[in-house]
2 protein chains.
Amino acid sequence: MTAPASRPQSIHLRGHNGAQGPAALAAAQPHQVQFYSANAEIYGQGEKARALYQVEFGAVRVYRLMADGRRQISAFHVAGEVFGFESDGHHHFFAEAICGSAVRIYTLPVGADVSREILPLALAALVRAQEHLMVVGRQHACERVAAFLLDMMDRQGELPSIELAMSRADIGDYLGLTIETVSRVFSKFRAKGYIRLSGSRSVDILKPEALLDMCV
Amino acid sequence: MTAPASRPQSIHLRGHNGAQGPAALAAAQPHQVQFYSANAEIYGQGEKARALYQVEFGAVRVYRLMADGRRQISAFHVAGEVFGFESDGHHHFFAEAICGSAVRIYTLPVGADVSREILPLALAALVRAQEHLMVVGRQHACERVAAFLLDMMDRQGELPSIELAMSRADIGDYLGLTIETVSRVFSKFRAKGYIRLSGSRSVDILKPEALLDMCV
DNA sequence: CGAACCGTTGATGGCTGTCAATTTTGGTGG
DNA sequence: CCACCAAAATTGACAGCCATCAACGGTTCG
């Protein structure tokens, strides 16, 4: 998982909310594809923002840090998804490649036509963020992990077998849990027969209904 | 706090991220102002969305419910702020007046010109939601309440004296805490001399630096 | 004046964080 | 192909924070 571009993950390009897909942003200016190796920074908090990013393959984490090192990942992005929205010309977050990844970079000619294309993407991101708030704010550890696994399954074509690009630490920082708690929940799900693990990053969802029930 | 339109809260209209204010959405169609009494529903989850909303006075909560009644408030909105963004033509959340409130309703002629106006508002909302994720996912109870109080102070013109429109239950559901925990933290802050309470909804911020320090 | 609601405070338990040790995994080099 | 190593993941013990349950005071409204 350290070698750049080592595993294209999933090339399934279905937009998650039906709002975004692999199609190019027609009105954006000529763009380029940039490769990032694992843990490479795509942009940093405070940087000037003048582009949008679309994952070609690989996976990206977008996060924020506190002074003492606590981290909150606000979103993961996989192939086809667009990220990098910012509100005042500056990035408020960090974005890093999780594994070797390719990202298409759209520079923005801040025009009305672009707004029309971008708005639905931004709104979808907003809804996702707000829904994730419910997970982090009001659900127990098991429910959070269940929601995460189902979300990942959903994004990888609803196949019952998923490949996680991210570590337990990433998952924990996404769900507001520690690595230990994430690990314990994985073990618990395995013991109950809900999932099967082949290595730590490969998960078979054996009983999606059981996981779905946990989300209430 | 129950009588409609009883207390205009703050008419200070400074947009929080500098991105939204009291100015009308120029390109939107003729609009109307609607009054809502306390706890009145403005829109419900699943409803068709065809409007944006701007608070004239009062306060609004936007939230989501789980089947068992757990609630997560994703945002509060006060005078001048715009809410009601949705991604696929349907509302994914509930919106209610917290106290008697007036809301200006903009019906949307889905055009490019409108997108240009709305996009910055949507992006600001996105950043706020993602920042709130950090609070809920990674901060302790005291830090969450401190962040909340400072945010409220910020929105009411940075005056050290703030009027809370919302109950402890609302605050708890916003911060991912119980009413008891919220109440305990308020008491703790009062004991430490960080705040002073005049009634349960009126708060004087005596040591904003102390609260700021807690947010790390 | 009583009922209902809201907020506060106390006692207790459980979930999850913390600390620590061990095992597994994945990668490297012989 | 196997040995070795560092990093990641798992598991256990324990503590602490916060949720839960409960009781009580204050305020509002009928």
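Both backbone and side-chain heavy atoms feed into the values below; hydrogens, waters and symmetry mates do not.
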J.: Does A/Phe186 have A/Arg168 sitting over its ring (NZ/CZ under 6.0 Å from centre, angle to axis within 45°)?
T.: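 The answer is yes, since A/Arg168 meets both limits relative to A/Phe186.
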J.: Choose from C/dT16, D/dA8, D/dT11 the nucleotide whose nearest atom is closest to any side-chain atom of A/Arg190.
T.: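 For A/Arg190, the side-chain atoms sit closest to D/dT11.
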J.: Where do A/His77 and A/Tyr53 land on the ring pair (Phe, Tyr, Trp, His ring centres under 6.0 Å) test, with the steps shown first?
T.: CA-CA 10 Å; A/His77 297 289; A/Tyr53 305 82; over 10 Å; no
J.: Which nucleotide sits closest to the side chain of B/Arg184: D/dT11, C/dG7, D/dT20?
T.: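 Given the options D/dT11, C/dG7, D/dT20, the side chain of B/Arg184 is closest to D/dT20.
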J.: CG of A/Leu197 versus C1' of C/dT25: gap in Å, rounded?
T.: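 Value for this atom pair: 13 Å.
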J.: Starting at the 5' end of DNA chain D, which residue's closest nucleotide do you reach first, A/Ser167 or B/Gln139?
T.: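 By nearest-heavy-atom nucleotide position, the 5'-most residue is A/Ser167.
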J.: Using the benzene-type ring in the case of Trp, are the ring centres of A/Phe93 and A/Tyr43 under 6.0 Å apart?
T.: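 Not under 6.0 Å, so no.
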J.: Okay, side chain of A/Glu86, backbone of A/His92: is any donor-acceptor separation there less than 3.5 Å?
T.: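 Yes: the side chain of A/Glu86 pairs with the backbone of A/His92.
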J.: Which of the following nucleotides, D/dA9, C/dT16, C/dC6, is nearest to the side chain of A/Ser183?
T.: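 Of D/dA9, C/dT16, C/dC6, D/dA9 is nearest to the side chain of A/Ser183.
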J.: By nearest nucleotide on DNA chain D, pick out whichever of A/Ser200 and A/His140 is the more 5' one.
T.: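 Whichever sits nearer the 5' end wins; that is A/Ser200.
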J.: Choosing from D/dT10, C/dG17, C/dT9, which nucleotide comes nearest the side chain of A/Thr178?
T.: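 Nearest listed nucleotide: C/dG17.
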J.: Taking donor-acceptor contacts at under 3.5 Å, does the side chain of B/Glu180 reach the base of D/dC18?
T.: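 For B/Glu180, whose side chain was compared with the base of D/dC18, there is no donor-acceptor pair (under 3.5 Å).
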